Protein chains: 2
Amino acid sequence: MYAHTYALIPWCGMRDSQTSRPPRAIDVAAAAGVSTATVSRAFNAPEKVLPEVRDKIFAVAAELGWLPNAAGAALASRRTWLAGVLIPTLDHDVFAAQVNALQAHLSASGITVLIGCSNYDLDEATEQVRVMLARGIEALAIVGEQQRPELFEMISARGVPYVVMYSHPPKSVHPCVGFDNQAAFFKLTRYLLDLGHRTFAVIHQPSLDNDRVLARLAGIREALAGEGLALRPQHIFEGQATFEFGRESLKTCLAGPGPRPTAVICGNDTLAIGALIEARAMGIDVPGTLSVTGFDDLPIAEFTAPPLTTMRVDNAAIGKAAAGYLLTQLKRQAATPQPPFEAQLIVRGSTGPVGA
Amino acid sequence: MYAHTYALIPWCGMRDSQTSRPPRAIDVAAAAGVSTATVSRAFNAPEKVLPEVRDKIFAVAAELGWLPNAAGAALASRRTWLAGVLIPTLDHDVFAAQVNALQAHLSASGITVLIGCSNYDLDEATEQVRVMLARGIEALAIVGEQQRPELFEMISARGVPYVVMYSHPPKSVHPCVGFDNQAAFFKLTRYLLDLGHRTFAVIHQPSLDNDRVLARLAGIREALAGEGLALRPQHIFEGQATFEFGRESLKTCLAGPGPRPTAVICGNDTLAIGALIEARAMGIDVPGTLSVTGFDDLPIAEFTAPPLTTMRVDNAAIGKAAAGYLLTQLKRQAATPQPPFEAQLIVRGSTGPVGA
DNA sequence: CCCCGTCATGTATGCGCTTACATGCCGTCT
DNA sequence: AGACGGCATGTAAGCGCATACATGACGGGG
């Protein structure tokens with residue numbers, strides 16, 4: 001398809017032969033009649049090269065299709081221009097949005113982002129960080145501060161600046177860019193308490209090794225304890241964050257013995273929507289006899305029946321702020337500790353006064 | 001927090017002094033009483049090293065916290081173990097799922113994945129690929145085959161194996177792993193035609209530089225043409241893939257002059273759900289007086305009111321297959337051209353016979 | 001008119017690792 | 001017994017680039 005254009009690139013035609021290799025700086029230098037030092041300067045410190053020479057070098061480089069070999073550059077300059085981000089999975093809007101923003105911001109500064117997915121496994125997380133460090137990342141953003149000690153040891157040992165993204169507990173030993181999960185769920189629960197609710201159910205994600213989920217549960221319990229209340233074990237449901245698990249949990253919950261909850265707090269919007277779906281299927285009036293809350297404010301939350309009361313966090317802003325923090329760290333400037341982001345309560349139609 | 005453990009790592013305490021640097025292979029070699037060649041072999045070809053020597057080296061390496069410097073390794077071995085993937089944005093379930101699967105699969109083979117986001121901009125796409133090539137990627141997956149010629153020239157010139165992901169038009173000049181967008185929408189439209197629909201509206205994503213969207217429109221037109229039908233300009237809506245655009249497009253459409261469409265084909269589920277929301281708001285009976293279709297089969301599609309008729313593509317399978325293809329290419333094995341994936345029609349409640 | 005500073009460029013070293021080749025040891029076959 | 005082959009390891013040469021330092025040209029001031 002583009003065969004005709006290959007001819008423009010001298011060494012292209014040879015790409016089938018084993019001798020073919022990408023051009024090097026020395027090839028560009030030879031073709032431009034300068035030394036490799038000047039080629040290097042033309043790209044890395046253009047002001048140090050005479051404009052005419054520089055243009056000649058650029059022209060030759062373009063003609064040869066030369067791209068500076070990053071491995072060579074990294075070795076010689078001791079700079080990789082690489083940063084890493086460790087997340088549980090890309091397959092989740094929240095993390096994808098954060099990574100997207102982080103990458104966009106770092107990329108604008110010429111930094112390439114390596115993405116490591118732990119799949120919610122601490123050992124895999126540690127391994128991913130090991131690989132990233134071997135690749136020479138100069139900064140690292142980590143989702144969640146619950147990690148193996150070795151992970152923090154490795155990055156501290158190498159003096160790599162890092163930041164914990166998404167979480168931001170009040171007394172973290174780590175630099176954080178995020179919000180306080182516990183405070184957010186405290187606020188949410190307080191809101192429901194103020195509506196008169198006294199019996200609660202909770203449907204949440206797997207809490208193993210997950211400080212965000214644990215903090216959320218703590219926030220709920222803290223608010224309840226303030227009123228002398230507690231969660232009944234039969235009202236707590238832990239499982240995968242799917243519509244299905246939200247549905248079956250609500251079903252089980254309402255079929256159970258003892259006092260029926262008047263409010264269901266869900267670990268995220270997906271679970272809440274599942275609960276909403278089941279409530280509709282069972283003919284339960286939401287919010288008349290049951291209030292339901294979510295977390296994340298997915299775009300769909302506004303359009304469920306009834307619209308979902310939830311909490312919103314600006315994930316793109318978190319990603320951008322994390323990038324900004326790392327960037328100032330890389331410049332060896334003072335690390336300005338960010339105040340936590342605020343999770344915003346979005347009251348919609350899925351919550352109401354108890355017994356309304 | 002982990003200060004007590006730092007003491008276990010000899011050079012940690014010095015990380016504040018400017019002289020501190022990560023250990024090198026030669027440090028490990030010295031501490032283990034061998035040469036750097038043996039250290040290298042212990043990690044890259046363990047069977048060539050006596051078990052006792054190997055264990056000693058591993059122990060010393062762990063103690064020193066040594067990680068092989070990837071830049072040095074890449075330079076010497078001419079292997080970077082890097083692959084790239086070019087996508088429009090991570091902020092979209094479909095691409096995130098594909099990348100997640102691709103990365104999981106390649107990572108299992110020791111390959112690190114570089115992710116480049118084009119933000120639907122051809123120049124940015126080209127630039128991202130340029131950066132990836134400079135970093136030494138040995139393989140590349142690209143979403144969408146509509147790219148600047150320079151992009152394909154660059155990768156061909158370097159002999160980097162690549163694969164187009166997601167799309168799979170019948171006569172592509174590129175190796176593809178994906179499905180035939182045109183055929184999928186042909187099938188979908190055919191289904192609606194068989195239900196008796198004759199007047200159609202289309203609400204779709206921006207088509208500029210987007211071969212997937214263009215192919216989908218072509219599929220619709222092809223099916224209609226088979227019945228001597230065509231789309232009226234006032235029934236075509238192009239805009240961002242949001243609920244909001246789906247809503248306002250349906251509203252505008254139904255308020256417009258001329259014959260009212262009995263079926264609305266949406267470019268994806270988000271637009272379709274927007275249309276569904278608007279239809280409910282307007283009190284329009286779906287599917288009684290209006291059929292609505294989506295594409296992607298988002299998890300929520302099953303639970304809309306009415307449940308959404310849509311098409312499903314296994315994005316994780318595409319990512320995995322793309323990784324598999326690149327892996328065999330890297331082994332210089334025969335490239336087995338994959339047959340296209342099939343987009344599966346999922347008939348639910350949002351479509352029905354015309355005028356039912 | 002000479003000296004020295006400035007600027008543009010060249011020279012040459014080494015970043016940390018892999019690997020072809022060299023070395024030396026030991027066991028085995030003739 | 002001698003030769004030879006195989007094996008474990010060492011030696012040393014780069015991989016492609018950036019950069020400290022050297023060089024040389026040029027110009028201005030004393």
Side-chain angles (χ1 to χ4, degrees), chain A residues 11 19-57 60-61 64-82 110 131 133-138 158, chain B residues 11 19-57 60-61 64-82 110 131 133-138 158:
Chain A
W11 52 281
T19 62
S20 150
R21 277 219 254 127
R24 294 155 304 161
I26 201 173
D27 301 319
V28 174
V34 297
S35 71
T36 60
T38 303
V39 172
S40 174
R41 278 188 289 257
F43 283 85
N44 300 319
E47 75 285 357
K48 292 188 183 173
V49 177
L50 244 35
E52 56 201 81
V53 177
R54 199 198 302 155
D55 293 344
K56 171 75 175 168
I57 291 173
V60 168
L64 295 182
W66 179 71
L67 295 177
N69 176 310
L75 214 47
S77 69
R78 292 139 174 280
R79 295 280 276 122
T80 59
W81 299 95
L82 236 36
V131 169
L133 286 173
R135 294 240 174 234
I137 55 166
E138 301 175 326
R158 292 186 142 62
Chain B
W11 52 280
T19 61
S20 149
R21 277 219 255 127
R24 294 154 304 162
I26 201 174
D27 302 318
V28 174
V34 297
S35 71
T36 60
T38 303
V39 171
S40 175
R41 279 188 290 255
F43 283 84
N44 301 318
E47 77 284 357
K48 291 189 183 171
V49 178
L50 241 38
E52 56 201 82
V53 177
R54 199 198 302 156
D55 293 344
K56 171 76 176 169
I57 291 172
V60 167
L64 296 181
W66 179 70
L67 296 177
N69 177 310
L75 213 47
S77 68
R78 291 141 176 281
R79 294 282 274 123
T80 59
W81 299 93
L82 237 35
V131 168
L133 286 173
R135 294 242 174 231
I137 55 165
E138 301 176 327
R158 291 186 140 61

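It should be emphasised that the depicted structure is a prediction, and the values quoted were computed from it without experimental measurement. Numbered from 1 within each chain, the chains take letters A, B, ... in sequence-line order.
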Between CD of B:Glu47 and C1' of D:dA8 the distance, given in whole Å, is 12 Å
For A:Ser40, report the nucleic acid contact type (base, sugar-phosphate, nothing); a contact means any heavy atom under 4.0 Å.
-> base
May I have the distance from A:Ile26 (atom CD1) to D:dC15 (atom C1'), rounded to whole angstrom?
-> 12 Å
Does a nitrogen or oxygen in the side chain of B:Trp81 sit under 4.0 Å from OP1 or OP2 of C:dT18?
-> no
Options C:dG10, D:dC17, D:dG14, nucleotide nearest the side-chain atoms of A:Pro68 | D:dC17
Would you classify B:Ala37 as touching base, sugar-phosphate or nothing, given that sugar-phosphate means primed atoms plus P, OP1 and OP2, and contacts are heavy atoms under 4.0 Å?
-> base
N/O donor-acceptor pair under 3.5 Å between B:Arg54 side chain and B:Val49 backbone | yes
Using a 4.0 Å heavy-atom cut-off across all strands, classify B:Val39 as base, sugar-phosphate, or nothing.
-> nothing
The residue among B:Thr38, B:Thr36, B:Asn44 that forms side chain to side chain donor-acceptor pair (under 3.5 Å) with B:Ser40 is B:Asn44
Report yes if at least one side-chain N or O of A:Thr36 is closer than 4.0 Å to OP1 or OP2 of D:dC17; otherwise report no.
-> no
CZ of A:Arg41 versus P of D:dA18: gap in Å, rounded?
-> 11 Å
Do B:Val34 and B:Lys56 come close enough that some side-chain heavy atom pair is under 4.5 Å?
-> no
Euclidean distance, atom CG of residue B:Leu75 to atom C1' of D:dA13 [Å, nearest integer] | 13 Å
Given atom NZ of A:Lys48 and atom P of C:dC7, what is their separation to the nearest angstrom?
-> 11 Å
With a 4.5 Å heavy-atom cut-off, do A:Asn69 and B:Leu75 have their side chains touching?
-> yes
Whole-Å gap separating P (C:dG16) and CZ (A:Arg158) = 12 Å
Just call it for A:Ser35: base, sugar-phosphate, or nothing, with non-hydrogen atoms closer than 4.0 Å on any strand.
-> base
Return the 5'-most residue of the pair B:Ala76, B:Val53 with respect to DNA chain D, ranking by each residue's nearest nucleotide.
-> B:Val53
For the side chain of B:Arg78 and the base of D:dG16, is some donor closer than 3.5 Å to an acceptor across the two?
-> no
Given D:dA18, D:dC15, D:dA8, which nucleotide is nearest the side-chain atoms of B:Leu50?
-> D:dA8
Is a donor on one side and an acceptor on the other found under 3.5 Å between the side chain of A:Asp27 and the backbone of A:Arg24?
-> yes
Please give, in whole Å, the distance from D:dC15 P to B:Asn69 CG?
-> 18 Å
Nearest-Å distance for atom pair CG/P, residues A:Asn44 and D:dT19 | 7 Å
